[in-house]
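Have a look at the structure below before the remarks.
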Amino acid sequence: MSHRTVPHHASQPRIPHHVVRVRFAPSPTGYLHVGGARTALFNWLYARQQGGQFLLRIEDTDKARSTDESTRAIFDGLNWLGLNWDEDVVYQGANLPRHQADARRMLDAGAAYRCFCTPEELEQRRKLAAASKEAFKYDRRCDRLAPDEVSKRVADGMPFVIRFRVPEGETSWDDIVHETISFPNKDIEDFVILRSDGTPIYNMAVVSDDIAMRITHVMRGDDHISNTPKQIQLYRALGAELPRFAHFPMIHGLDGKKLSKRHGATAVSDYQHLGILPQAMNNFLVLLGWSPGGDREVMSMDEMIQLFSEKGLLRKAAVFDTKKLDWMNGQHLSRLSAEALAPLAMATFIREGLLTENDPTATSPEFYKLLDFVKERCRTLDDLARLARPYFTKLPFTIDPALVDSHLRKDAAVTKALLTDSTTALEALTGWTPEAMEAALRAVAEKHGLAAGKVFQPIRVAVTGSTVSPGIFEVLVQIGRDVSLQRLKEAAALAT
RNA sequence: GGCGGUAUCGUCUAGGGGACUAGGACACGGCCCUCUCAAGGCUGGAACACGGGUUCGAAUCCCGUUACCGCUACCA
């Protein structure tokens with residue numbers, strides 16, 4: 001049986017055929033999860049590198065599961081990641097008339113036929129096949145109906161679906177990731193393209209939309225590999241040029257199973273709220289299923305665009321193990337200039353009460369200096385806010401009671417003496433410089449017969465309220481003379 | 001069950017017939033640096049699923065087995 005093509009006369013916007021057009025087509029049935037984000041990222045990188053277009057299509061045809069809230073979550077996630085899309089968002093549900101028209105064209109051209117079998121009958125036959133351990137495949141009985149009989153049933157108002165008649169032969173394509181993949185057509189059943197209520201089935205809607213959107217490269221998860229031969233048949237029957245296909249490997253959970261909610265944080269927004277930088281998230285995701293080759297790992301967005309290649313695409317599913325994400329975030333955090341980091345850290349600093357909306361200090365040289373001061377020892381934005389807090393000297397300052405006990409009240413007498421001597425020594429300084437402080441404080445340590453660290457650590461706790469900070473002299477400079485001395489005195493008072 | 005896909009350290013990966021006593025990164029251990037914590041440096045343990053071929057030679061090519069994953073709806 002030879003397949004017939006349907007003339008394609010819908011008018012299309014004129015787009016040079018060499019321009020790459022890719023799309024991300026999520027269904028709005030939940031948050032944007034990391035697997036979807038990775039697919040979006042790959043498409044975006046490819047488009048940006050090729051100077052093409054990255055389009056967004058919301059596949060909202062499943063009215064029961066789709067929500068506006070999910071659509072917003074997808075927008076928010078993509079925006080946060082910086083994966084900006086071109087042109088208007090396409091809502092699949094709005095294209096129903098075209099989906100129906102395309103199905104109709106195939107029916108009229110004889111590439112598809114009406115099927116009057118009810119879901120119940122089909123279910124029955126499926127069970128029967130399963131019982132005798134046979135693979136069920138629709139037996140085309142309705143394709144053998146006489147034309148008169150078909151007309152009669154239609155006239156009688158009998159409900160029917162439209163099935164695509166899969167021609168004989170073999171369907172194969174040159175996948176960008178997998179090279180040649182091929183399916184014997186005998187293993188593809190005559191699939192439904194239009195339901196009895198007139199709405200399209202997934203494969204129908206996708207192909208109709210991808211043709212209309214002039215998609216040149218369909219790049220998606222490899223769970224779509226077995227949909228591809230069906231879609232290729234549809235392209236052919238519709239007389240449309242085939243896009244190139246790329247099937248990316250899946251992302252699995254730690255247990256090797258398909259990633260799902262029970263694997264913990266899988267929404268990109270989870271990581272946003274955990275203080276992860278968007279570029280670190282992208283960097284981490286891009287390495288799941290792609291490698292630039294060699295030892296390259298930490299990359300800026302621009303570098304990713306430049307380096308992204310078909311050749312580096314992997315075929316094996318990757319396990320989503322976020323241990324490396326924290327490390328990667330720390331790398332990006334320290335490499336970012338304070339000016340670039342400040343806006344990214346804004347939300348966290350506001351949440352932690354260090355800044356307010358539109359705070360002028362957020363763009364001040366002092367603030368940038370502070371970020372540079374602490375960023376290297378941070379892995380997340382939360383770390384950054386925590387470490388920066390002691391230097392907001394206008395804010396109330398308290399020392400964690402647990403630290404008061406462990407660092408000030410333990411050996412209270414010695415600690416008190418150390419703190420008061422240090423305070424006196426620092427007060428006597430003519431210049432508030434690291435060099436002068438170091439000399440003075442090491443002298444204090446010597447006087448007490450202690451290692452310098454034994455003096456520095458109580459001071460650190462006294463002035464930062466923490467056991468972790470940059471070098472203590474720089475800390476004292478950053479905090480300033482008056483506040484430093486004041487905090488030292490307060491800490492000494494606590495050491496009893 | 002049928003069809004399709006995949007298979008290198010715990011994890012992410014380099015590797016595309018000899019350069020492999022298999023490299024890097026995360027994580028873990030040790031050491032160095034050091035006023036704490038990071039960062040950084042050095043270092044240790046840790047992998048080519050199995051079996052057949054092809055070849056002078058295979059992690060790399062072919063076949064099979066096994067395991068895992070996906071699809072198998074009038075879901076997307």
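Note on naming: letters A, B, ... go to the chains in the order of the sequence lines (proteins, then strands), and numbering restarts at 1 for each one.
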Output the rounded distance in Å from [atom1] ([X]) to [atom2] ([N]).
X: A:D255; N: B:rA67; atom1: CG; atom2: P; value: 18 Å
X: A:K230; N: B:rU72; atom1: NZ; atom2: P; value: 6 Å
X: A:E123; N: B:rU72; atom1: CD; atom2: P; value: 14 Å

**Study point:** Salt-bridge present (A:K323, A:D326; N to O < 4.0 Å)
**Key:** no
**Study point:** Carboxylate-amine/guanidinium proximity below 4.0 Å for A:R65 and A:D62
**Key:**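 Answer for the salt bridge query: yes.
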Check every strand shown and say whether [X] touches a base, only sugar-phosphate, or nothing at a heavy-atom separation below 4.0 Å.
X: A:N227; value: base
X: A:V161; value: base
X: A:K311; value: base
X: A:L194; value: nothing
X: A:H247; value: nothing
X: A:G289; value: sugar-phosphate
X: A:T29; value: nothing
X: A:Y202; value: base

Using purine N1 to pyrimidine N3 plus N6-O4 or O6-N4 for Watson-Crick, or N1-O2 and O6-N3 for G-U wobble, each under 3.5 Å, what pairs with [N]?
N: B:rG64; answer: B:rC50
N: B:rA14; answer: none
N: B:rC3; answer: B:rG70
N: B:rC33; answer: none
N: B:rA27; answer: none

Check your understanding: What residues form a salt bridge (Lys or Arg N to Asp or Glu O under 4.0 Å) with A:D139, not counting sequence neighbours?
Key ->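 Counting only residues at least two positions away or on another chain, A:D139 forms a salt bridge (Lys or Arg N to Asp or Glu O under 4.0 Å) with A:R125, A:R141.
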Is [X] near enough to [N] that one of its side-chain N or O atoms lies under 4.0 angstrom from OP1 or OP2?
X: A:K316; N: B:rC68; result: no
X: A:R126; N: B:rA73; result: yes
X: A:H224; N: B:rC71; result: no

Please find out if less than 6.0 Å separates the ring center of [X] from that of [Y].
X: A:F284; Y: A:Y271; result: no
X: A:W290; Y: A:F308; result: yes
X: A:F75; Y: A:W85; result: yes

Review point. Nearest to the side chain of A:A318, which nucleotide is it out of B:rC12, B:rG2, B:rG5?
Key: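 Among B:rC12, B:rG2, B:rG5, the one nearest the side chain of A:A318 is B:rC12.
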Revision key, fill the gap. Between A:R315 and A:C378, the residue closer to the 5' end of RNA chain B by nearest nucleotide is A:R315
Check your understanding: Does A:S196 make a side-chain donor-acceptor contact with the base of B:rC74, cut-off 3.5 Å?
Key -> yes
Exercise for review: With sequence neighbours left out, write down each residue that passes side-chain contact (heavy atoms from CB on, under 4.5 Å) with A:R126, or none if nothing qualifies.
Suggested key: A:L122, A:E123, A:F136
Check your understanding: Got more than 12 heavy atoms from elsewhere within 6.0 Å of CD, A:E170?
Key ->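 Atom CD in A:E170 is crowded, with more than 12 foreign heavy atoms closer than 6.0 Å.
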Check your understanding: What string of B, S and - do you get for nucleotides 18-37 of chain B, 5' to 3', when a contact is any protein heavy atom under 4.0 Å?
Key -> -----BBBSS-------BBB
